[in-house]
Structure formats: structure tokens, C-alpha cells
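The model shown is predicted, which means the values in this text are computed figures rather than measured ones. Both ligands and their constituent atoms are indexed starting at 1 by order of listing.
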Amino acid sequence: MEFSVRSGKAEKQRGACVVVAVFKSRKFSASADALNRASRGAIATVVRRGDISGDVGRTLLLHDVDGVSADRVLLVGFGKQGKVNEAHFRRAVAAAALKLREIAVTNAALFVCDVEVQGRDLAWKAKHAVESIEEALYRFDQLKSKKKDKTGPRQLRLFVAQSDELASAQGGARQGEAVAGGVHFARDLGNLPGNVCTPTYLAAQAKKLQRTHKIKSTVLDEAKMKALGMQALLCVARGSREPPRLIVMEYRGARSDAPPVVLVGKGLTFDAGGISLKPAAKMDEMKFDMCGAASVFGTMKAAATLRLPLNVIGIVPSSENLPDGAANKPGDVVTSMSGQTIEILNTDAEGRLILCDALTYAARYKPAIVIDIATLTGACVVALGAHPSGLFSNDDTLAENLLEAGETCRDRAWRLPLWEEYQEQLDSNFADVANVGGRDAGAITAACFLARFTEKFKWAHFDIAGTAWKGGKEKGATGRPVPLLTQFLIDHCAST
Ligand code: BES
Ligand code: MN
Ligand code: ZN
């Protein structure tokens, strides 16, 4: 999709379609009002007859409206005037995009930035218009033998009322495009099945990013990981025919000595549970167990696209978790790269095993901040459902900044405690730590396990088990939390 930002009058725009906002109780946005006047009240007449209610996401298409240069007018409901919140705005814009695709319109002039959104400025509206349109129009049909037809919008012009508003709207739209590109990449990686998206495939994606973006990629194979003592990571891969990989991506947008933000993403390309085998129902969804990794890929891409003035390192430990004669067994004890020994009481708690070595490895970058992202526990879904990601941190300021970034971009997180009191659930009779802490507070004890490997730096952990993908009829990856992470990096640049 190609977006451009323009200023001009709604009634004067030529082309296939002009899109304007209407509200409940027959209220019009400024642009809808202008169209109505140009058409000598024709639009008000239609609205008065009750053909569109103004509810969020309702649309009404009009053809050949007198006094309007475009072929069509698309009216879109944004709810109650003056009461439009962030979610309403995004839903209404997405509905407009879907309607444009339905009628196979390739270009349109969008007059949606004149809608007042509570507490948000023009740049926010431009950013989120772009993001929600790209999100709504996303399709994954790479693996279908018959592709869906490609008709639908290709060029969208986003309008502002005054030319002095162009710069801020353009800035917002540019950020929106970068985030949308990162989300798209993350969704594609997440949606690919385990027989395509293997650790080797993810490593190849990092090399591809190196060719297309200012990102340097390095891939560590088993021999290199063995030399580093990454037994926690390696033992998870023992039950699989696919070799594990540790993928490192470096984006350097600041001075070489500026401490980087390190993003670590769980890249479990299929999690059958290992010897502690999972039940069959919905096991296919465990192809999404690499969505943390996918969010690191997506965020790296977005940061490089925006040429953010900071250093970002992405680290992705990647493996499968399958049962096999060579696989981990409950009771096995392994030594992690940090030197801490781990008793594997449940081979299905593998995410923390591959992450702990990657987190230890992160220290060599002398990071300002380390953030890991992982589909870590079913317990997090029980606690928080599908709306926020779970957030844990050993640093209050970092946690607040991440929560705030999530609020700004409607990709929210909710903080859970990492109290010392929970640590004793991980006591082991045979090793330094057990890899599971019992049924109670499962998301917290998983985070507590990781905390033992991150004491030397400011660290946050996202449990995205509930947010990274949707099940059911809409089954598919969401690309979360790429919007949150990218927003955090943007804000971080502004504050340092
Ligand atoms: N990848 C899963 C977590 C998961 C489960 C995410 C269901 C989304 C939906 C993880 O590797 C896992 O299996 N965790 C176990 C931990 C338990 C054995 C302590 C879980 O959540 O059941
Ligand atoms: Mn598991
Ligand atoms: Zn897993």
C-alpha cells in the first residue's frame, strides 16, 4: 500500500472515492459537512432517511453525488461526536478500508483526520489510520493454491485541512507505515507452519534483513553454542531433527559506544511439549510459539526503517521441542551458560530454558536495557486473557515506560509482580533451580526463573501467550507487541 499525506478540500478531490466521517444523531465532520454543502444537502437527505446510523464502523456508499468531483462518497460512522476514543477511531478506519476492498476501489482520498479523538493529536491519528488500515487488509494466502484476488486499495491519500498540518501528519503516517511493516512481517512469520518456519528458516530471515535493511546478522550453530556452554538451550533441541540456532541481529543507529536496547525473542518453532507431551487439541497452535521471535524481527525492521538514532540488538534462540529417544527427560539436570544448574521437572517448560542462555548471552552487549518477549505460559492467558500482554520487570521506570508505550499505541500490557516470595516455588532438591514452580502463579514463577539470569541489567519480560495470536475462526498471528516495542524505542530516543 502506498500512503501519501495531502491537504485540500473533500469536494474537489478526483478519483474513485472520497471517505468522510459521520457521527450519531446525524452529526457531520467538517469534511462531510463540506461535501454536504457542495451537494446542496444531498448527503444530509440520505442520512436523514436513516440509511446510516453513525455507529462505529457502519458505512454507506453513494455514487455520483452532485457537486463532488470523486466518483463515490463513502460515509463512515465514528460513533458519538466528541466521544470518539482510540479504539473507535481505529475500528471505523478499518471498516472503511474493508469496504474499499469490497468495492474493489484502488485509490481513495481519506478525510478521517478531522475527527476529534479524545486526548490524541493529528500525528497520532495519521499513524493509527495507517496502522489500522494495514492491519485490516492483511491476508495470509501464501500457502493457498488459489490466491484471493488482489483488488482493493493500492494508493490512499490521507488528508489534513490545512497545509501547516502536513508535517506532523506526515511524521505520524511514516511511523505508522514502519510499524505496519513490522507487524506484517511478524504476522507472516507467525502464521507460517512449523514445517516451513524452522530455526534454519528464521536464521535465513535474519540474513535477508541484512540485505534489505541496515542490520547486521550473525547465526550461531550448535558447535558455537556448545563452545559457549549453552546447555539449557541445546538440551531443548535434543528431541528434534531440526538443528537449533541462536540468531543475532544488530541495528546501529547511534554512536558505537552507546549502550544498546537488547530484544530477546522466544523462537520455539513448534512446541509439542517434549516427553511431557501436550494433549492433541489445538496443538497446531504451538506453531505460534515463535511469536516472541517474530516480534523481535518485526521491531528490528521497524527501527531500521525509521532509522532510529539508537542501537538495538535482537537475539533469537530458536529450536523445536519434540519427544524423541534423545529428548530431555523429567528429572534431567543441565548446566546453563550462567553456570546455574537446572532440574527439568517438566520438558514442556522449555521456553525459559532457551531464553535463560540467550539472556546470559545478552550481557556481552553491555545493554542499557534488555527486554524479552515470549509465548511463555498458559497461566498468563488464564490470568489476563487475550487483551493485555503480561509484563514483568526488575526496574519500575522501565516498566512504567513500557506500559505507557502500550497505552499510546493501543497494544497494551499489564504488570504482574516479581516478588522474592515466589522464588521458593522454584527450589530443587537436586539442582540450583527447578524449571517449573507448580500450579500457582505460573506466569509469575516463569518470570521469576528468568529473573535469576538478568540480575546484572535493567530487564523486562513480556509474556505474550494470550496476545500473540488469535484462535478459532480468526486463527492467526497478531503481530503484537511490535507496536508497543516500536513505540517504546521511539520514546526512548526522545528521552536520551
Ligand atoms: N509455549 C507454551 C506456553 C503456551 C501454552 C502458550 C498455551 C500459549 C498457550 C510453553 O512452552 C509451555 O508449554 N508452558 C507450560 C509451562 C508449564 C509446564 C509450567 C504451560 O503453560 O503449560
Ligand atoms: Mn512448552
Ligand atoms: Zn513453548
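Judged by distance alone, the side chains of Tyr138 and Asp188 do bring a donor and an acceptor atom under 3.5 Å apart. For the residue pair Asn328 and Thr347, no side-chain donor N or O sits within less than 3.5 Å of a side-chain acceptor on the partner. No side-chain donor-acceptor contact under 3.5 Å links Thr360 and Ser338.
Checking Arg211, Met249, Met300 one by one against Ser217, the side chain to side chain contact (heavy atoms under 4.5 Å, CB included) holds for a single residue, Met249. Of the options His184, Arg187, Arg90, a side-chain hydrogen bond (donor to acceptor under 3.5 Å, both in side chains) to Glu135 is made by Arg90 and by none of the others. The residue from Thr467, Asp289, Asp463 that alone fulfils the side-chain hydrogen bond (donor to acceptor under 3.5 Å, both in side chains) condition with Thr375 is Asp289.
Ligand 1 is surrounded by Lys266, Asp271, Lys278, Met286, Asp289, Asn346, Asp348, Glu350, Arg352, Thr375, Leu376, Thr377, Gly378, Val436, Ala465, Trp469, each with at least one heavy atom closer than 4.0 Å.
Residues Val183 and Thr478 come closest through the heavy atom pair CG1-O, 3.7 Å. In terms of heavy-atom proximity, Pro483 sits nearest to Gly479 at CD-O, 3.8 Å.
Side-chain atoms of Leu485 and Ser295, non-hydrogen and from C-beta on, do get closer than 4.5 Å to each other. Within the 4.5 Å cutoff, no side-chain heavy atoms of Phe185 are placed close to those of Val482.
Between the side chain of Asp348 and the backbone N or O of Leu277, no donor-acceptor pair lies under 3.5 Å.
Taking the six-membered ring where the residue is Trp, Trp469 and Phe288 present parallel rings, their angle staying beneath 30° rather than reaching 60°.
Taking a cut-off of 2.8 Å, the protein N, O or S atoms nearer than that to the Zn ion (ligand 3) are Lys266 NZ, Asp271 OD2, Asp289 OD2, Glu350 OE2. Listing protein N, O or S atoms at distances below 2.8 Å from the Mn ion (ligand 2), with waters left out, gives Asp271 OD2, Asp348 O, Asp348 OD1, Glu350 OE1.
Remark: Tyr201 pairs with no residue by the ring-ring contact (aromatic ring centres under 6.0 Å, His included) rule, at least two apart or across chains.
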